[in-house]
Amino acid sequence: MMGVKARRILLLAILIGIALLTVAGLALGSATVQNLWQVIAHPWGAGPGHEIVWGIRFPRILSALLVGMALGVAGALAQSATNSPLADPAIIGTAAGASIGAALGIVLNLALVGTVPIAIAATIGALLASVITFSVAKGSIQLIITGIATSSLLTAISGLIISIGNRPDARSISFWSLGSFALTNMEMVKVLAPVVLIASVAGWLYSQSMDLLVLGDREVRHLGKNPDQLRFIAFIFISILIGVSVSSVGSIAFIALAAPHITRYLIGPTNRPLVIGSAVIGAGLLLLSDIAARTIAAPNELPIGLITSLIGAPILIIVLKRSRGVWQ
Amino acid sequence: MIEIRDLVVGYEGKTVVDGFTATIKKGSITAIIGRNGAGKSTLLSAIAGDIEIISGEIEINSRSIKDYSLADISQTLSLAQQSHSYWMSYSVQEIIWLGHDAVSKARFDYLSRELQLGEFLRQPITALSGGQLQRVEIARSLMRDVPLVLLDEPFASQDLASVERITRLIQNERDSGRTFVIVTHSREEDLRWCDQIINLGL
């Protein structure tokens, strides 16, 4: 672990890295832009080059940063709330619940993708799925097994809903299970930005009270706090963050798992710095993944979930190998 | 301090402690001994309000434990668990301070000295041995100024010198008015420093 000064330098380095990635994200893409650097240097210009760089690529970059931040914060809160290193919202059913909420909202004609009502529907789905998982499971192993079962069940049901609903605007099953930034636009950013920023700050403020959970439920009760209540409030923030993310770009694997583990490795487990670090690293990882997704096989685009799985799955395996103590 | 009458407790329909009665005086040290499975830790959990009482009564300061809110519990007792597994690398001092914002630095320094934790304070909790973890648990249980301290197997992984130091610490704390209930596998003849020994069965 490092001192405060080293942490600040690291944070600054990551922020500079994100700024460079943002420029790269503006510059890279399958379409050729005339006078590329001039277009990048003048955000308020006009013309076909501007439309590609600032009208299509820029909102996509912002969406990746915001969703990455949401996933990082949600993952940090989920791991701390459950005192389990495996509590990825995608593993414990939260993301699948959000998908089903969003799919129902669209098929039942309540809302469109990327709007506030669909984010609300997804948040409710996420919260219900979390409650189901938590009411059945006791302890780390059960949490993961129950979560996988809940996830599979809800993913299957949302697949059915989408197929039977047969609506072009309901997006594809692969959108909801692997995620995609291909259809992001500025309208979507206007929904994502306030929700993600407010929920992240609120979750950050709240996270301090969850440091106690590392002591175990019994000790938390002896300190006069109700551990179930501490967890439930955390899952409201988590569900909002996952709800708004999934309803905009589908369910993206492993970022929520990887970002907090990388952050904890770098700066330690205390919740407030952990949440900030996870937000920044989640944003950077997802932006990097999205740039890779649209450049590796250009002009074809890879599903973002493929890239994040490539990065995230090895991290999951390392975490599993290093945290045997949890299985007791 | 504690009145236990005809206590029946257990888990999932299985009775572990069946009809237990005892009185524990304020400012005393009570050791609970007995074979594995005799219900020592279950009894401790019942006193701490962690499990539901099937029948009978536990009164702490003349009030039924069933009527204690979480806030009441936190002002009445603390408990050092037998074992604990951590996966997040909080430092040892962070773990000892968690939930203890109102405790003085002097108290923290005293306990880390008495429990020989000084050299580990900045190390990650995940790097400690079983005996060291146990001493961290004991330190935590003595941080808050509560009248009743429950210790579950505090000597299990300690060497003789540590057992002696912990024993002396407990006696000093008792002399300042605290009540201790200790579950232990120690032999009866090694527990002469306790004020009362309760044997739950051989």
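Proteins get letters first, then strands, A, B, ... in listed order; numbering begins at 1 in each.
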Greater than 12 external heavy atoms within 6.0 Å of F232(A)'s CZ: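 Result for CZ/F232(A): open.
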Highest number of heavy-atom pairs under 4.5 Å with chain B among T270(A), N226(A), L215(A), V220(A) belongs to L215(A)
Looking at [options], which one has more heavy-atom pairs under 4.5 Å with chain A than the rest?
options: G49(B), S45(B), S78(B); answer: S45(B)
options: L79(B), L77(B), T76(B); answer: L79(B)
options: H100(B), R140(B), E137(B); answer: R140(B)

OG (S74(B)) and CD (E219(A)) are apart, to the nearest 0.5 Å, by 10.5 Å
From F155(B) atom CZ to I166(B) atom CD1, the distance as rounded to the nearest 0.5 Å: 6.0 Å
Is [X] in contact with chain A via its backbone, its side chain, both, or neither, using a 4.5 Å heavy-atom distance?
X: I125(B); answer: neither
X: S69(B); answer: neither
X: A71(B); answer: backbone

Check whether D217(A) gets within reach of chain B through its side chain, its backbone, both or neither, counting any heavy atom under 4.5 Å. neither
Residues Q158(B) and R165(B): side-chain donor-acceptor under 3.5 angstrom: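 No donor-acceptor contact under 3.5 Å links the two side chains.
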Cationic N near anionic O, under 4.0 Å, R107(B) to D145(B): no
I would like to know whether D228(A) and F134(A) meet side chain to side chain contact (heavy atoms under 4.5 Å, CB included); could you show each step before the answer? CA-CA 9 Å; D228(A) 292 323; F134(A) 276 94; over 6 Å; no
